[in-house]
Amino acid sequence: MNAPRENDPNELDRFKRDIDLVDYAERQGYQIKKEGKRGDWHQLEKDGEVLIVTRKDDHQVYLNTGDDRDKGSVIDFAKTRGGDGHGLNLGQVRQQLREYLNDGPAPTRAYAPAADVTRLNALSVGNPDHERQAEEDRRTRLISEVLGVKRELTDRTYLHGRGIEDQTIDSPAFQGRIFTAQQNEHKNTAFPLYNAEGLASVEQKNEHYKNLLPLPKNGIWVSHPTEGKGTQVERIIVSESAIDSLSHHQLKSGQDQKNTIYIATSGTPTEAQVALIQRVIDKQEPREVVLANDRDAGGRQFNMNYLNELHPARPLVPVAEQEAYKEPTRPVEWHATSDKYHTGLKVTYHHDSAEAGAQQVQQLSDRVGQMNGTQEAGPTIALEVQRSSDRETVLRLSVAKADTAQLEVLTHELYRQREQLRPEPERQQETFLRVDYPVAKDWNRDLELTRQGLNAEQIRAQAQRDEQQREAERQQRLAEQHRQEQEQRQLARQQEQQRRENTPEAQEQREADDRRFNQAVLGAAVASPGAEPESRPFRSYQSEQEAAAHTAQFVHARDAGLILLKEYINDNPAPHRPQGG
């Protein structure tokens with residue numbers, strides 16, 4: 001059968017229909033962690049990444065819960081993750097998926113029909129309302145399974161265990177924002193996430209348990225104002241988790257009683273969540289936004305991106321008989337990313353001329369040089385100009401994750417520089433965005449240590465011990481991982497050696513060696529032990545290797561001869577002679 005042509009569009013459709021995305025992902029190292037009771041979704045995980053696989057029309061699709069831009073069919077999955085994570089072009093994707101089909105793919109997974117099939121089938125095929133209604137039904141069903149019909153907080157055990165007091169729980173800010181989820185005898189504390197359409201997802205927590213529903217992460221946990229619904233908001237505080245929001249409120253609300261709304265993203269913020277936070281700012285028009293994320297590389301990365309993305313309330317302007325938010329100009333912008341070991345910062349300057357761009361780059365380069373010059377162990381920040389034109393210059397800075405704070409310092413300087421370059425009416429107040437870090441790793445840990453009676457200095461010392469403990473545990477995990485990898489490599493070598501030894505060529509070589517050995521043994525057994533060296537035939541060798549091989553053969557033959565002799569003596573003892581004979 002001839003291979004399909006490279007530009008055959010039917011082949012891509014065939015890949016989507018015939019390849020089971022869950023099986024294909026499993027062969028790439030992903031594992032099924034959860035699946036719907038009706039079989040209508042599967043949750044896959046690998047290296048901390050969480051994917052949700054569902055069905056769309058006649059094929060499967062996936063969604064990365066931590067990155068709402070990462071989604072699509074098996075084509076998108078292979079294109080994004082192929083090439084050892086470096087990505088594949090479409091031609092390479094075709095080749096990889098052909099090989100998968102040639103290896104014998106798994107049968108296409110059968111999915112249960114969605115709820116209310118009759119009502120959904122009444123919608124015309126291809127109608128966007130069909131997909132929207134199906135997604136809404138799935139979201140409603142999952143949320144209902146968690147929160148049940150009667151939504152209320154009936155069990156405070158988990159919150160009390162995290163040091164959250166009843167006075168905090170009963171604050172007007174958190175009424176209707178925390179529930180008890182119960183399945184059978186299990187109870188979890190549930191934090192609902194909302195977007196512009198309403199309830200979007202639910203995060204459940206308990207001791208040693210955390211779960212976010214397998215839905216697109218396009219909602220945020222948001223409190224009411226601390227002074228109650230309908231009051232003028234003065235401040236918005238953004239953190240990574242609802243527990244940190246509650247902890248921050250319990251620790252600091254008595255010191256600064258500004259009317260506040262708390263927002264949490266349940267971990268790494270997605271692009272949709274950042275847009276939602278800005279919409280809350282647009283609606284509430286607070287005087288300040290406080291970034292209260294964790295004191296670690298991840299929290300610093302989030303804060304760097306918030307400094308670029310969040311702005312004071314934007315005005316609405318008419319656009320084509322509609323209204324849209326007016327975006328402020330961005331003479332400089334940045335975006336922070338991270339991998340396993342490094343944090344990177346992409347900086348883009350927008351300028352009127354190449355000379356202006358060169359001047360801005362020189363200023364940043366000089367600042368990086370100053371910071372590198374103060375490091376005892378040598379330069380820590382790498383700077384690379386990636387591209388430049390008359391209107392735009394793009395740079396990338398990179399540090400080890402442990403040095404992420406240095407990039408954050410640069411980000412604050414870029415923030416101030418941006419405000420100076422903007423037209424005066426667009427400039428932010430210097431205090432609109434500010435960072436508030438906990439003394440320990442996160443706000444709940446601060447709350448725990450404060451409840452133990454520790455002061456700020458003691459908390460700081462304990463935080464250092466906590467960090468040392470985490471680093472020791474990390475090193476232990478790395479050592480264990482290294483040991484396991486060594487064992488796997490050793491096992492692979494042994495399996496490869498066994499495979500080679502079982503080939504026909506290896507078997508023939510062993511049989512030939514056995515024949516030579518047996519001949520040597522027979523020769524040693526019949527040789528005269530009293531023969532003089534001069535009577536033995538002289539043998540010359542063509543090489544040192546040949547002499548060594550013959551010597552080894554002789555040693556084996558001699559040992560074998562001794563064994564035969566001992567066995568002969570044991571089987572044929574000498575005749576008994578009477579004493580004195």
Please evaluate residues Gln507 and Glu511 with respect to the criterion side chain to side chain donor-acceptor pair (under 3.5 Å), reporting the C-alpha separation (whole Å), side-chain torsions for both, the decisive distance (0.1 Å), and the verdict.
CA-CA 6 Å; Gln507 293 178 356; Glu511 291 173 358; over 6 Å; no
In plain terms, say whether [X] and [Y] are close enough for a salt bridge, that is, a side-chain N and a carboxylate O under 4.0 Å apart.
X	Y	answer
Asp244	Arg162	no
Arg300	Glu408	yes
Glu467	Lys441	no
Lys34	Glu45	no
Lys46	Glu49	no
Glu473	Arg470	no

For the residue pair [X] and [Y], what are the closest heavy atoms and their distance?
X	Y	value
Lys16	Ser73	CE-OG, 3.6 Å
Ala292	Ser239	O-CB, 3.3 Å
Thr404	Ala297	OG1-CB, 3.6 Å
Leu407	Gly344	CD1-C, 4.2 Å
Ser247	Leu447	OG-CD2, 3.8 Å
Ser245	Ala264	OG-CB, 4.1 Å

Check against side-chain contact (heavy atoms from CB on, under 4.5 Å), Leu215 and Val202:
CA-CA 9 Å; Leu215 292 166; Val202 177; over 6 Å; no
Trace of the side-chain contact (heavy atoms from CB on, under 4.5 Å) decision for Asn188 with Tyr209:
CA-CA 9 Å; Asn188 298 315; Tyr209 177 77; 3.6 Å; yes
Let's go through Gln462 and Asp466 carefully: what are the C-alpha distance in whole Å and the side-chain angles of both, what is the deciding distance for side chain to side chain donor-acceptor pair (under 3.5 Å) to 0.1 Å, and is it a yes or a no?
CA-CA 6 Å; Gln462 182 59 51; Asp466 289 347; 2.9 Å; yes
Would you say the side chain of [Y] lies within less than 4.5 Å of the side chain of [X], judging by non-hydrogen atoms?
X	Y	value
Arg98	Glu11	yes
His186	Asn206	no
Asp70	Arg81	yes
Val394	Lys346	yes
Thr189	Asp155	no
Glu496	Glu501	no
Thr54	Leu63	no
Val53	Trp41	no

Please test Arg483 against Gln486 for side chain to side chain donor-acceptor pair (under 3.5 Å), starting from the C-alpha separation and ending with a verdict.
CA-CA 5 Å; Arg483 184 189 65 79; Gln486 284 185 320; over 6 Å; no
How about [atom1] on [X], more than 12 heavy atoms from neighbouring residues, nucleotides or ligands closer than 6.0 Å, or not?
X	atom1	value
Gln476	CD	no
Gln497	CD	yes
Lys401	NZ	yes
Arg489	CZ	yes

Looking at [Y], is its backbone amide N or carbonyl O close enough to the side chain of [X] to form a donor-acceptor pair, meaning the two atoms are under 3.5 Å apart?
X	Y	answer
Thr65	Val50	yes
Glu26	Gln31	no
Glu240	Gly267	no
Asp446	Pro438	no
Trp334	Thr411	no
Trp221	Ser241	no
Asn372	Ile381	yes
Asp403	Gln406	no
Thr265	Thr268	no
Asp339	His342	yes

Would a line drawn from the ring center of Tyr30 to the ring center of Phe77 be shorter than 6.0 Å?
yes
Worked verdict on Thr343 versus Ser338 for side chain to side chain donor-acceptor pair (under 3.5 Å)
CA-CA 4 Å; Thr343 300; Ser338 64; 5.2 Å; no
To the nearest 0.5 Å, what is the distance between [atom1] ([X]) and [atom2] ([Y])?
X	Y	atom1	atom2	result
Asn211	Glu203	CG	CD	8.5 Å
Leu193	Asn218	CG	CG	9.0 Å
Arg499	Gln494	CZ	CD	15.0 Å
Leu454	Glu448	CG	CD	10.0 Å
Arg460	Leu449	CZ	CG	12.0 Å
Leu97	Asp18	CG	CG	11.0 Å

[X] and [Y]: side chain donor to acceptor below 3.5 Å:
X	Y	result
Gln484	Glu480	yes
Asp20	Tyr100	no
Tyr62	Asp76	no
Glu471	Gln475	yes

List the steps and the verdict of side-chain contact (heavy atoms from CB on, under 4.5 Å) for Phe302 and Leu291.
CA-CA 9 Å; Phe302 304 158; Leu291 308 177; over 6 Å; no
Which residue in the set Asp296, Asn293, Asn303 passes side chain to side chain donor-acceptor pair (under 3.5 Å) when paired with Tyr437?
Asn303
Run the numbers on Met371 and Val409 for side-chain contact (heavy atoms from CB on, under 4.5 Å), then give the verdict.
CA-CA 10 Å; Met371 295 178 69; Val409 170; 4.2 Å; yes
